[in-house]
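Just follow the structure's listing: the first ligand is 1, and inside any ligand the first atom is 1. We're numbering straight along the sequence, starting at 1.
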Amino acid sequence: MTEINIKGGRRLKGETDVSGAKNAVLPQIAALVGMKGEGVIYNCPDIADVKTSVEIIRNLGGNAGLEEGRLYADLRNIDKFEIPAGPGGKMRSAITFCGGLLGRFGEVVFSEPGGCVLGARPIDIHLNGFKVLGAEVKYEGERIRVRGKLKGSKIKLKYPSVGATQNLIIAACFAEGETVLKNPSLEPETVDLINFLNACGGEIKVRDGCIYIKGEKDLRPKPYRVMADRIEAGTFLFAAAMTGGGISLRGITRKNMGVVWNVLEGCGCELKEEKKVLSLKAPERLKAAKEITVRPYPGFPTDLQPQLTAMLSVAEGRSIINETVFEGRNKHIGQLLKMGADITEEKGFIINGVKSLKGAEVTAFDLRGCAALCLGALGAEGESRIKNAGYIFRGYENFEEKIKDLGGEISILKLNRV
Ligand code: EPZ
């Protein structure tokens, strides 16, 4: 059991590095299993989900490891197409291994993926896409078998699912002929995957909001540097904003931050970017954000919604946040209420900003909710204890060190199970 203790009430001041993007590197590592050869990905964050991906590659007969931000993978001896239930159950992105294995072996067996419980999180868009590409999908108890020689086709996604788009892009590289994805995810992390696959010999283009993938590619791993993590950066910017602080983040640009930059300016923060260093200066007190609706890119990202909720809980005035991507991404609300936040859940989250939160004992239920509680604790008066906080290691590299770099008072304790 992991516990995070934070002493709040200090303005965050300082500078730290932004790591490589979890949600960009995970599909790239997954795509590697479709390729023969040895791969290297730079700027790879040392987080639990990367470790789980390395474990899956080893289970499949390959070899992989992460050292000083350099992910190495030897895919030459991969000889299995069954994704193990154990590691596969730890994270949602395990399903993205399907595309490469289906391409390499014409078959893959896996379980419904694990990961943060944010609602139903079905995988129908993935499976329907594989069927349109000519594969057969069979349920075998807890396991799912997808098999078939892939033939390029036109696939219209009923929702721009990030994972399904990424899975189908990877699979389509191995299909016969061209595939077109309509209504796909165009998140920066998806574009980073496309750039990675094209570097490895793929022929993928984005045109008029659709993705065109040429098939029958004999992809070979090429060294690649994964993009910076806009969600990690946003988490730290929100922390500084809600403590009236001023910080700088190395390795991130205004372009990476997209609409998040505008939201922070709208709340009264001053932001500037010089040579890939992004600086924020917070006002004495943040202004409320009238209404923010979470949307697929380029809309406000769902992965920063919990952190935004924490930040706006101390802004002056009333804010409304509409979470439209995950119907169950609200477990942080009850915990923020324990810190004195004034939030009611109607169609959206109605937040009446309070002057300050109070330190409290709270519990985390998912990765970004855990980050949101850390932000609440940093902005609160007094001490907070966040229980069940192991989630933080899934998505934030060196979280404790970085918060200390930024002037926060934090300690992360790994308690043995009693
Ligand atoms: C990816 O999850 C990210 N994870 C999530 O980040 C992120 O919140 C999400 O995209 C949205 O941006 C990784 O990249 C590893 P979706 P994914 O498929 O692919 C529904 C984090 O905190 N849906 O775009 O699972 C689904 O239920 C994590 O870093 C279907 O209905 O997200 C949800 O309501 C959390 N059928 C919506 O689409 C499907 O087959 C968006 O899901 C697939 C999805």
**OP:** Using only heavy-atom distances, determine whether the side chains of Y72 and E67 contain a donor-acceptor pair under 3.5 Å.
**Re:** no
Subject >> Which of the ligand 1 atoms, numbered from 1, are nearer than 4.0 Å to a heavy atom of R368 >> reply: 21 (C), 22 (O), 29 (O)
Original post:
Roughly how far, to the nearest 0.5 Å, is the CD atom of E176 from the OG1 atom of T179?
Top reply: 10.5 Å
Subject >> For atom 18 (O) of ligand 1, closest protein heavy-atom neighbour >> reply: S161 OG, 2.7 Å
Original post:
Can a non-hydrogen atom of E187 be found less than 4.0 Å from any atom of ligand 1?
Top reply: no
Subject >> Any protein heavy atom nearer than 4.0 Å to atom 21 (C) of ligand 1 >> reply: yes
**OP:** List every atom of ligand 1 that sits less than 4.0 Å from any heavy atom of R92, numbering the atoms from 1 in the order shown and giving each element.
**Re:** 25 (O), 43 (C)
Original post:
Under 3.5 Å between some N or O of ligand 1 and some N or O of D303?
Top reply: yes
Original post:
Does an N or O anywhere in Y159 fall below 3.5 Å from an N or O of ligand 1?
Top reply: no
Original post:
At what distance, to the nearest 0.5 angstrom, does CZ of R295 lie from OG1 of T324?
Top reply: 5.5 Å
Original post:
Is P122 near ligand 1, meaning one of its heavy atoms is under 4.0 Å from it?
Top reply: yes
Subject >> atom 3 (C) of ligand 1: the protein heavy-atom neighbour that sits closest, reported with distance to 0.1 Å >> reply: N23 ND2, 3.7 Å
**OP:** Return a yes/no value for A120: is any of its N or O atoms, backbone included, closer than 3.5 angstrom to an N or O of ligand 1?
**Re:** no
Original post:
For E140, does the CD atom have more than 12 heavy-atom neighbours from other residues, nucleotides or ligands under 6.0 Å away?
Top reply: yes
**OP:** Show which atoms of ligand 1 fall inside a sub-4.0 Å distance from at least one heavy-atom site of S93.
**Re:** 15 (C)
Original post:
Quick one: does L118 get within less than 4.0 Å of ligand 1, heavy atoms only?
Top reply: yes
Original post:
With a distance cut-off below 6.0 Å to the six-membered ring centre and an angular limit of 45° from the axis, does K80 pair with F105 as a cation-pi contact?
Top reply: no
